[in-house]
Protein chains: 2
Amino acid sequence: MVDHNLTASNSMDAMLFLTDDQLLQGIELMYFAYKGFTSDPDLILQNYTYGRAHHRAVHFINRRKGLKVNDLLDILGITKQSLNRVLRQLINDGLVESRVGRQDKRERNLFLTDDGEKLERQLSDAQRKRMRSAYRAAGPDAVMGFRLVLEKIMDGEMQRGSIKIKEKLT
Amino acid sequence: MVDHNLTASNSMDAMLFLTDDQLLQGIELMYFAYKGFTSDPDLILQNYTYGRAHHRAVHFINRRKGLKVNDLLDILGITKQSLNRVLRQLINDGLVESRVGRQDKRERNLFLTDDGEKLERQLSDAQRKRMRSAYRAAGPDAVMGFRLVLEKIMDGEMQRGSIKIKEKLT
DNA sequence: AAACTATGTCAGTATTATTGACTTTATAAA
DNA sequence: TTTATAAAGTCAATAATACTGACATAGTTT
C-alpha cells in the first residue's frame, strides 16, 4: 500500500507539510500514471500505421468538430509541418474530412468521417474504461481533488490556444 | 472556471454519474497537465544536448541510488539499446558513474556524480516548484484525491519493474 | 495592386524509440 | 570443468515524432 499521509518533516507550508520526497513521489506518480494512461491506445494504434500523434489529432477533431487547422496547431502546440504529415495520412486514409470554410475559403474545417469516428471510439473506449474504473475506485471526492490538482499543475501552460479548450471543458 | 460538479446525465454508477464527456474531460486534463508538467525541465534540457530520456535516467538514478542497469530498463520500460545511448552520454559527460557490482561483478551499479546531482537538482527544482504550488493551491484533501486517482489509473501497469518503485514510494 | 493570412509542401535534421545480431565478462549448473 | 545462462555493452538499420527554413497557392484585406 502507498502512504497517503502527508504530515511529515522537512519544509513547512501554510497548509501542507511538503517534503522534497513527497513532491518527488507526486512527480513519479504523474510519470507512471501517464504511461498507464497512454498504454491502451498505444497498443491499439500498433494495429494501424498510426502513433500517438494521430490519436491526439483524432481526439481533438472529435471533441471540437469542425475546428480549423490553426486551432488544432494551437491545441497540440506543434508546428504546421509536423501536423501536416499526420493530417495528410488521416485524410488520405479517409478518417478525416477537410472542408473548405464557408465564410473564409482559406480556412479548412476538420471533421471525422464514419471510419474516423470508429477509430476514435475504439481508442477512447479503452481510455474511458480505465478512467471510469479509476474514478469509481477512488470515489467522488478523490475525483474532485484529482481534477483540481491537475488544473493547478497546468496553470500558466494554458495561455494561448488551449485556453479555448479550457472554455470548452467547462 | 471549470465545473467540478459530477452529478450529471448519461450513464449511471454506484457512486458517480460519469458521462462520456466528463471522462473525456479527465483524459484531456491528463494530457494538458502532463504537458505542463514536463515543460519546465524540457526548457532546461535544451541548454544541454539532452532530452527527456536523459531526465528520466537521471531522475531514477537519483531516486534509487546504486540501481542496476536492468532495474533502470524495467522502470523505464525501454530497450537496452535505447537506454545505452543515453547512459553512455551521461557517463562520458561525467554525470553518471557506473560501478562494478560487489557480489556479482557482471552487474553495474549506477550513481550520480556531483555534476549529475547538480543537473538533477536543477531539473527537479523546477518540477517540484510547480508541484508544490499546485498542491498548495489545491489543498490537502485534493492532494489525497489526486494521488488516489493516479494510483488507480496506473493499476495493472506497475506489474514488473515498477512495482519495486511502488514499494520504494511507500 | 500590394500586403497579409491560412494552408500545404519539400528538404534536411534531431531525438527517442524499435528489432536483430553479436561480444565480453562473469556466474551457475551439468 | 565444460556448458549454459545472465548482465552489460555495442553496431546497424529502421520508424515515429518533432524541429527549422524555404517556398507555393489560394483567398482576403487594405
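If you're wondering where the values come from, they're calculated on a predicted model, not measured in any experiment. Chain letters run A, B, ... following the sequence lines, proteins first and then strands; every chain starts at 1.
The B:N70 side chain lies nearest to D:dA7 when the options are C:dT7, D:dA7, D:dG27. Comparing D:dT17, D:dC19, D:dT10 by their closest approach to the side chain of A:T79 singles out D:dC19. Closest contact between the side chain of B:T49 and the listed nucleotides C:dG8, C:dT15, D:dG9 involves C:dT15.
Residue A:R85 is classed as a base contact, given a heavy-atom separation below 4.0 Å to a base. If you check every strand for non-hydrogen atoms under 4.0 Å, A:N84 touches a base. Backbone-only engagement by A:K68 is indicated by non-hydrogen atom pairs under 4.0 Å involving sugar-phosphate atoms exclusively. Among the heavy atoms of the strands, none lies under 4.0 Å from B:Q46.
Rounded to a whole Å, the CG atom of B:L73 is 9 Å from the C1' atom of D:dA8. One atom, NZ of B:K80, and another, C1' of C:dT16, lie 18 Å apart when rounded to the nearest Å. As rounded to whole Å, 14 Å separates atom P of D:dT28 from atom CZ of A:R102. In this structure, A:Q103 atom CD and C:dA6 atom C1' are separated by 14 Å, rounded to whole Å. Per the geometry, CD belonging to B:Q89 stands 12 Å off P belonging to C:dA17, to the nearest Å. One interatomic measurement links the two molecules: CG of B:L90 to P of D:dA8, which rounds to 16 Å at whole-angstrom precision. If you measure from atom OH of A:Y48 to atom C1' of D:dA15, you get 20 Å, rounded to the nearest angstrom. Atom CZ of A:R99 is separated from atom C1' of C:dT7 by 18 Å (rounded to the nearest Å).
When all heavy atoms are compared, the tightest approach of A:R63 to B:L24 is NH1-CB, 3.5 Å.
OP1 or OP2 of D:dC11 lies within a sub-4.0 Å distance of a side-chain N or O belonging to B:R88. OP1 or OP2 of C:dT16 has at least one side-chain nitrogen or oxygen of B:H54 nearer than 4.0 Å. In this structure, B:S82 does not reach the C:dT16 phosphate: none of its side-chain N or O atoms is under 4.0 Å from OP1 or OP2.
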Worked check of salt bridge (charged side-chain N to carboxylate O under 4.0 Å, His left out) between B:R132 and A:D20: CA-CA 9 Å; B:R132 178 179 286 119; A:D20 283 358; 3.5 Å; yes
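Checking A:A53 against B:L87, the closest nucleotide of DNA chain D that is more toward the 5' end is the one next to B:L87.
No donor-acceptor contact under 3.5 Å links the side chain of A:Q81 to the base of C:dG8. On a pure distance criterion of 3.5 Å, no polar donor-acceptor pair joins the side chain of A:R106 and the base of C:dT7. Side-chain N/O atoms of A:E107 and base N/O atoms of D:dG27 include no donor-acceptor pair closer than 3.5 Å.
Relative ring orientation between A:F32 and B:F60 is described as tilted, the plane-to-plane angle lying within the 30° to 60° band. In this pair, B:Y48 and B:Y50 present their aromatic rings parallel. The plane angle is below 30°, not in the 30 to 60° band.
Taking the ring axis of B:F111 as reference, the NZ or CZ atom of B:R99 stays within 45° of it and closer than 6.0 Å to the ring centre.
Residues B:E120 and B:H59 bring no donor and acceptor atom of their side chains to less than 3.5 Å of each other.
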